[in-house]
Visitor: 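I have a structure here, written as structure tokens, and I will follow up with some questions on it.
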2 protein chains.
Amino acid sequence: MITLNDKTYTCPVDVTLGFIGGKWKLLILSHLHWQQQRSYTQLRENLPGISEKMLSQQLKELERDLLVTKSVISRKPYRVHYSLSEEGKSLSPLYEFMSGWGVQYLKEHGIDYVQDQHLYK
Amino acid sequence: MITLNDKTYTCPVDVTLGFIGGKWKLLILSHLHWQQQRSYTQLRENLPGISEKMLSQQLKELERDLLVTKSVISRKPYRVHYSLSEEGKSLSPLYEFMSGWGVQYLKEHGIDYVQDQHLYK
DNA sequence: GCAATAACTTACCAAAAAGTAGGGAACAAT
DNA sequence: ATTGTTCCCTACTTTTTGGTAAGTTATTGC
């Protein structure tokens with residue numbers, strides 16, 4: 001058993017899972033991987049079905065875990081953008097592989113998927 | 001949106017997640033990746049904390065999704081073993097990467113992890 | 001001044017995932 | 001005959017996760 005931040009993990013895969021587990025984290029991360037940096041609103045619009053609560057909660061956790069960086073790009077009209085940190089970028093092979101595997105799966109099962117059809121703006 | 005088996009997915013990453021999401025699936029798959037094939041009991045002993053319910057439930061889903069193959073190796077004393085199917089093996093880069101990333105993370109944070117310390121038999 | 005927009009937060013509720021505890025068939029070993 | 005082992009299944013409960021809806025602050029544009 002591995003202990004880290006008061007939680008126990010069974011193996012290194014489990015440790016990694018601790019950072020990216022759950023319904024939304026990998027989707028947010030991979031979205032940032034393809035789109036570089038996005039505002040809160042852009043993220044919400046491009047993650048169909050996510051609620052504001054989930055988005056801010058997950059972003060907060062990703063920030064805490066240093067996978068995502070939040071930059072305040074303007075103070076007077078308060079505007080931010082989110083992007084992958086170096087740590088977040090170190091998971092890039094994962095985003096690439098999981099996307100590729102998904103695309104391949106869809107192809108092999110005759111479901112047509114147009115690149116970026118999930119981007120709404 | 002992508003529709004597949006009555007569920008909807010937001011992007012290819014989400015599709016992949018549909019197969020390996022949850023607390024146990026990646027742990028089971030990566031265990032099978034490193035150990036080739038295991039009996040039900042061996043799996044249970046090497047996935048600390050898993051309940052029998054979870055193990056059989058997840059194995060069943062992995063079988064249904066064709067990521068894992070169950071072979072009856074003996075009928076008279078009923079013995080089986082589980083192993084990765086070709087489809088399951090096609091996810092190998094994932095097991096390798098996630099394990100490597102976890103090990104690296106632990107190393108960088110001064111937590112010592114001995115290779116295979118999670119194997120109990 | 002008033003509606004609109006960005007970037008959130010909060011309280012509350014529902015659903016899904018996981019855990020607990022037990023049972024049970026089939027054989028093997030003593 | 002009794003105990004142990006493998007390989008599960010089922011009902012029930014708890015925990016975790018996620019969803020809904022509303023509210024908040026600040027600012028821009030008309």
Side-chain angles (χ1 to χ4, degrees), chain A residues 1 5-10 14 17-28 31-32 35 37-65 68-83 120-121, chain B residues 5-10 14 17-29 31-32 35 37-65 68-83 120-121:
Chain A
M1 287 294 198
N5 302 139
D6 300 327
K7 287 186 179 174
T8 56
Y9 299 95
T10 64
D14 201 15
L17 237 27
F19 290 100
I20 59 172
K23 185 173 174 180
W24 295 107
K25 281 186 182 162
L26 263 168
L27 297 178
I28 294 172
H31 185 77
L32 288 172
Q35 303 304 315
Q37 32 127 309
R38 304 254 96 182
S39 70
Y40 181 85
T41 306
Q42 285 175 317
L43 281 169
R44 196 193 46 205
E45 284 170 342
N46 287 281
L47 294 163
I50 200 168
S51 66
E52 306 232 319
K53 176 197 162 192
M54 275 298 115
L55 181 56
S56 62
Q57 191 177 100
Q58 302 299 303
L59 283 171
K60 200 164 279 182
E61 291 180 19
L62 290 168
E63 254 194 282
R64 179 203 61 197
D65 294 337
V68 158
T69 305
K70 172 180 171 179
S71 318
V72 178
I73 53 169
S74 153
R75 261 182 206 292
K76 274 296 99 182
Y78 181 66
R79 293 299 127 86
V80 300
H81 70 215
Y82 292 93
S83 56
Y120 300 101
K121 270 209 176 170
Chain B
N5 302 137
D6 300 329
K7 287 187 179 174
T8 56
Y9 300 94
T10 64
D14 202 15
L17 237 27
F19 291 99
I20 58 172
K23 186 171 174 182
W24 293 109
K25 280 184 181 163
L26 263 168
L27 297 178
I28 294 172
L29 290 168
H31 186 77
L32 288 172
Q35 303 305 312
Q37 34 125 307
R38 304 254 96 183
S39 70
Y40 182 86
T41 307
Q42 284 175 317
L43 282 169
R44 196 192 49 205
E45 285 170 341
N46 287 281
L47 294 163
I50 201 169
S51 66
E52 305 231 319
K53 175 200 161 191
M54 276 297 117
L55 181 55
S56 62
Q57 190 176 101
Q58 302 301 301
L59 282 171
K60 198 165 281 181
E61 291 180 21
L62 290 168
E63 255 193 281
R64 178 203 63 197
D65 295 337
V68 158
T69 305
K70 172 179 170 178
S71 319
V72 178
I73 52 169
S74 153
R75 261 180 207 292
K76 273 298 96 181
Y78 181 66
R79 292 301 125 84
V80 300
H81 70 217
Y82 293 93
S83 56
Y120 300 102
K121 271 211 174 169

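Because the structure is predicted, anything quoted here is derived from the model rather than measured. Per chain, numbering begins at 1; letters A, B, ... match sequence-line order.
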Visitor: Just to confirm, is there a sub-4.0 Å distance from OP1 or OP2 of dA28(C) to any side-chain nitrogen or oxygen of Lys76(B)?
Guide: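 False: Lys76(B) side-chain N/O out of range (4.0 Å or more) of dA28(C) OP1/OP2.
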Visitor: Assuming nearest nucleotide by heavy-atom distance, tell me which of Lys53(A) and Arg75(A) is located more 5' along DNA chain D.
Guide: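 This one resolves to Lys53(A).
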Visitor: In residues 52-61 of chain B, what donor-acceptor pairs under 3.5 Å come from side-chain atoms, sequence neighbours left out?
Guide:
residue	atom	partner	partner atom	Å
Glu52(B)	OE2	Arg44(B)	NH1	2.3
Ser56(B)	OG	Glu52(B)	O	3.2
Ser56(B)	OG	Lys53(B)	O	3.4
Glu61(B)	OE1	Lys25(B)	NZ	2.7

Visitor: Considering residues at least two apart in sequence or located in another chain, which fulfil the ring-ring contact (aromatic ring centres under 6.0 Å, His included) criterion with Tyr40(B)?
Guide: none
Visitor: Of Ile28(B), Leu47(B), Val80(B), Asn46(B), which is the lone residue that meets side-chain contact (heavy atoms from CB on, under 4.5 Å) with Arg38(B)?
Guide: Asn46(B)
Visitor: Of all the choices, dG19(D), dC27(C), dG19(C), which nucleotide is nearest to the side chain of Met54(B) once you look at every atom?
Guide: dG19(C)
Visitor: Applying a 4.0 Å non-hydrogen cut-off, can you work out what Gly22(B) is touching in the nucleic acid: base, sugar-phosphate, or nothing?
Guide: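 The answer is sugar-phosphate, as Gly22(B) gets under 4.0 Å only of primed atoms, P, OP1 or OP2.
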Visitor: Return the nearest nucleotide to the side chain of Ser51(A); candidates are dT20(D), dC8(D), dG18(D).
Guide: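 Nucleotide nearest to Ser51(A)'s side chain: dT20(D).
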Visitor: Over how many whole Å does the gap from Ile20(A) atom CD1 to dT17(D) atom P extend?
Guide: 15 Å
Visitor: Might you point out which heavy atoms bring Val72(B) and Tyr78(B) nearest each other, and give the distance in Å?
Guide: CG1-CE1, 4.0 Å
Visitor: Looking at Ser56(A), does any N or O in its side chain come under 4.0 Å of the phosphate oxygens OP1/OP2 on dC8(C)?
Guide: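 Answer is no, no contact under 4.0 Å.
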Visitor: Show the distances under 3.5 angstrom between N or O atoms of the protein and N or O atoms of nucleotides 5-7 of chain C.
Guide:
residue	atom	partner	partner atom	Å
dA6(C)	O4'	Arg79(A)	NH2	3.4
dA6(C)	O3'	Arg79(A)	NE	3.3
dA7(C)	OP1	Val80(A)	N	3.4
dA7(C)	OP2	Thr41(A)	N	3.1
dA7(C)	OP2	Thr41(A)	OG1	2.9

Visitor: Using whole Å, report how far CZ of Arg38(A) lies from C1' of dC8(C).
Guide: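 To the nearest whole Å, that distance equals 19 Å.
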Visitor: Separation of Leu27(A) atom CG from dG18(D) atom C1', in whole Å?
Guide: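 Answer to the nearest Å: 14 Å.
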Visitor: 5'-most contact on DNA chain D: Gly49(A) or Gln57(B), nearest heavy atom basis?
Guide: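 With Gly49(A) and Gln57(B) compared, the 5'-side residue is Gln57(B).
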Visitor: Glu63(B) has an atom CD; how far is it from atom P of dC7(D), in whole Å?
Guide: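 Interatomic distance, CD of Glu63(B) to P of dC7(D): 13 Å.
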Visitor: Under the rule for side-chain contact (heavy atoms from CB on, under 4.5 Å), what residues qualify as partners of Thr8(B), not counting sequence neighbours?
Guide: Thr3(B)
Visitor: Please enumerate all residues that pass salt bridge (Lys or Arg N to Asp or Glu O under 4.0 Å) together with Glu63(B), with sequence neighbours excluded.
Guide: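 Expected list: none.
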Visitor: Taking only side-chain N and O atoms of Lys23(A), does any of them lie within less than 4.0 angstrom of OP1 or OP2 on dA16(C)?
Guide: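 Negative; the distance criterion is not met.
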Visitor: Please enumerate all residues that pass side-chain hydrogen bond (donor to acceptor under 3.5 Å, both in side chains) together with Arg79(B), with sequence neighbours excluded.
Guide: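 Partners of Arg79(B) by the side-chain hydrogen bond (donor to acceptor under 3.5 Å, both in side chains) criterion come out as none, since no residue qualifies.
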Visitor: Starting at CG of Leu59(B) and ending at C1' of dC9(D), how long is that distance when rounded to a whole Å?
Guide: 14 Å
Visitor: Provide, to the nearest angstrom, the distance between the CG atom belonging to Leu17(B) and the P atom belonging to dT17(D).
Guide: 15 Å
Visitor: Taking atom P of dT20(D) as reference, at what distance in whole Å does atom CD1 of Ile50(A) sit?
Guide: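 The distance from CD1 of Ile50(A) to P of dT20(D) comes to 12 Å, rounded to the nearest Å.
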Visitor: If I take atom CD in residue Glu61(A) and atom P in nucleotide dT9(C), what distance separates them, rounded to the nearest angstrom?
Guide: 12 Å
